[in-house]
Amino acid sequence: MPRNSITLTEHILKEEQKFPKASGNLTLLLTQIAEAGKIIASHVQNSGLIDIEGKTGKKNVYEEEVKKLDEFANDTMVRVLTESKQVFALASEEIEKPFFTEITKADYVVFFDPLDGSNNVDNNNPLGTIFSIYRKGDSLLQKGKEQVAAGYIFYGSSVMFVYSCGSGVNGFTLDPSVGSFLLSHKNITIPEQGSIYGVNEGNFNLFEKPTQEFILSLKKSKPYRLRWGACMVADVHRFLMNGGVFMYPKDKSAPNGKLRLMFEVNPMAYIITKAGGMALTTTENPLEINPSELHQRTPVLLGSPHEVKNFLKFHKK
Ligand code: FBP
């Protein structure tokens, strides 16, 4: 295939040159995360052929069963981030406590969900890795708006690396014949309005009344259709590209929702807002939340401005 697209590394280096004082450390960190994504992708795509399916018999901090692929993805991210020498501390959704690398001169703190979409492991449905990068500060936990970069690797029909360093969102597709991520979706902008919505409708009867009324309003107004892949990376990528709204609201059994602020909601809200979309917890901007716990959960709704503003109207009535 003629290589008329620039590689991820070339793109990041070009972006870095816009900042004369840039040290190149963030470039190295991002390219290493992409390398980890390639390693995880190769195991995800061969998981039926190598002994990496099934459960480890262990439980994570949320008392969820840890799959072999979860553990492999986590170990890969920890190893690659540590070896990059750019990470002062790292925190994984799969590990209870943060890990300080003892590289005291390193500038960055990285939060990551090594394998998002655990319900899709072992049944060949989409999976992802989510990462969120902060400059180290006085506290490990910072507001999501302080992120210096965030993104995800999407293990779907193709493998994509989607990220932002604050000025625009760009998507790269892995060319397996070259082994590089090539620029395929330049400066992604979310449509102002969409025609799909994503939510686990199985929880409908547990949602707050305004949330139920919002969802019913989407069903009434043609042509909204429901799309739910049970993998935040895959679902949010769909809304980033096509417009519409992704929801994991609070409900009677989960008053703080299911998804984690530091590992899932902040990075995905960062991407969606840098692409011109909006994000809410229920009525607040998740990127403004002052985190109190590493593994805290938050309700989340994000996507096109039209739908997000409409949701807010139902909750402000
Ligand atoms: P994991 O971190 O355990 O994968 O849970 C997060 C997640 O899989 C999201 O990726 C997805 O949006 C959501 O849970 C699906 O939840 P449900 O199983 O209720 O549809």
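Just so you know, these numbers use all the heavy atoms, side chains as well, and skip hydrogens, waters and symmetry mates.
Lys274 contributes no side-chain N or O that, together with a main-chain N or O of Tyr163, makes up a donor-acceptor pair within less than 3.5 Å. Judged purely by atom type and a 3.5 angstrom limit, His295 has no side-chain atom pairing as donor or acceptor with the backbone of Met262. In this structure, Ser164 contributes its side chain and Gly168 its backbone to a donor-acceptor pair below 3.5 Å. Gln142 places a side-chain N or O within 3.5 Å of a backbone atom of Arg135 that can act as its donor or acceptor partner. Distance alone, capped at 3.5 Å, places no donor-acceptor pair between the Thr7 side chain and the Phe181 backbone. For the pair Arg297 (side chain) and Lys258 (backbone), a donor-acceptor distance under 3.5 Å is present.
In this structure the side chain of Ser167 reaches within 4.5 angstrom of the side chain of Glu15, judged on heavy atoms. Here the side chains of Glu208 and Lys250 are in contact, with some heavy-atom distance below 4.5 Å. At least one side-chain heavy atom of Ile196 sits less than 4.5 Å from a side-chain heavy atom of Phe239. At a threshold of 4.5 Å between non-hydrogen side-chain atoms, the residues Glu93 and Ile130 do not count as touching. Using a 4.5 Å heavy-atom cutoff, the side chains of Val148 and Tyr108 are in contact. Residues Met241 and Ile188 are in side-chain contact: their nearest non-hydrogen atoms beyond the backbone lie under 4.5 Å apart. The shortest side-chain heavy-atom distance between Met160 and Ser184 falls under the 4.5 Å cut-off. You'll find the side chain of Ile33 stays beyond 4.5 Å of the side chain of Val80, heavy atoms only.
No path of Ile, Leu, Val, Met, Phe, Trp and Tyr side chains, each step under 4.5 Å between heavy atoms, connects Leu280 with Ile190, placing them in separate hydrophobic clusters. Tyr270 and Val245 fall into different hydrophobic clusters, where Ile, Leu, Val, Met, Phe, Trp and Tyr are joined by side-chain heavy atoms under 4.5 Å apart, directly or via other members. The same ILVMFWY cluster, assembled from side-chain heavy atoms under 4.5 Å apart, contains both Leu69 and Phe131. Using a 4.5 Å cut-off between side-chain heavy atoms of Ile, Leu, Val, Met, Phe, Trp and Tyr, with links allowed through other members, Ile103 and Phe100 fall into different hydrophobic clusters. Cluster annotation: Leu8 and Leu29 are assigned to the same hydrophobic cluster (Ile/Leu/Val/Met/Phe/Trp/Tyr, side-chain heavy-atom contacts under 4.5 Å, transitive).
Within the structure, salt bridge (charged side-chain N to carboxylate O under 4.0 Å, His left out) pairs that include any residue of residues 162-172 do not occur (at least two apart or interchain). Residue pairs meeting the side chain to side chain donor-acceptor pair (under 3.5 Å) criterion with at least one partner in residues 111-123, sequence neighbours excluded, are Asn123-Asn125. Pairs of residues two or more places apart, or lying in two chains, never qualify as salt bridge (charged side-chain N to carboxylate O under 4.0 Å, His left out) while including a residue from residues 187-196.
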When the side chains of residues 283-292 are checked against the rest of the protein, which donor-acceptor pairs come out under 3.5 Å, sequence neighbours left out?
unit_1, atom_1, unit_2, atom_2, d
Asn285, OD1, Leu287, N, 2.8
Glu288, OE1, Lys145, NZ, 3.2
Ser292, OG, Gln296, OE1, 3.1

Under 3.5 Å, which donor-acceptor pairs do the side chains of residues 298-307 form with other protein atoms, sequence neighbours left out?
unit_1, atom_1, unit_2, atom_2, d
Ser304, OG, Pro191, O, 2.7
Ser304, OG, Gly244, N, 2.9
His306, NE2, Gln193, NE2, 3.4
Glu307, OE2, Gly194, N, 2.8
Glu307, OE2, Tyr224, OH, 2.5

Please list every donor-acceptor pair under 3.5 Å in which a side-chain atom of residues 150-157 meets a protein atom from a residue at least two apart or in another chain.
unit_1, atom_1, unit_2, atom_2, d
Tyr152, OH, His237, ND1, 2.6
Tyr155, OH, Thr129, OG1, 2.8

Go through the steps for Phe207 and Asn200 under the test side chain to side chain contact (heavy atoms under 4.5 Å, CB included), then give the verdict.
CA-CA 11 Å; Phe207 292 151; Asn200 177 349; 5.8 Å; no
Would Ser92 and Asn74 satisfy side chain to side chain donor-acceptor pair (under 3.5 Å), going step by step from the backbone distance to the final call?
CA-CA 7 Å; Ser92 165; Asn74 185 69; 2.5 Å; yes
One pair to check against side chain to side chain contact (heavy atoms under 4.5 Å, CB included): Phe314 and Ile215. What are the steps and the verdict?
CA-CA 10 Å; Phe314 279 88; Ile215 293 171; over 6 Å; no
Going through the distances and angles, do Lys14 and Ile6 end up as a side chain to side chain contact (heavy atoms under 4.5 Å, CB included)?
CA-CA 10 Å; Lys14 270 176 71 178; Ile6 64 168; 4.2 Å; yes
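Classified by interplanar angle (parallel below 30°, tilted 30° to 60°, perpendicular above 60°), the ring pair Trp228/Phe246 is parallel.
Across Gln147 and Pro267, no two heavy atoms sit closer than the pair OE1-CA, 3.4 Å. Across Phe72 and Ile40, no two heavy atoms sit closer than the pair CE2-CA, 4.2 Å. The minimum heavy-atom distance linking Gln45 with Val159 is given by the pair NE2-CG2, 3.4 Å. The two residues Asn266 and Tyr134 have their closest heavy-atom pair at ND2-OH, 3.6 Å.
With respect to Lys143 and Glu146, no salt bridge is recorded, no charged nitrogen being found less than 4.0 Å from a carboxylate O.
The closest side-chain donor-acceptor pair between Thr27 and Glu16 falls under 3.5 angstrom.
Annotation for Asn256: atom CG counts as buried by contact number, over 12 foreign heavy atoms lying within 6.0 Å.
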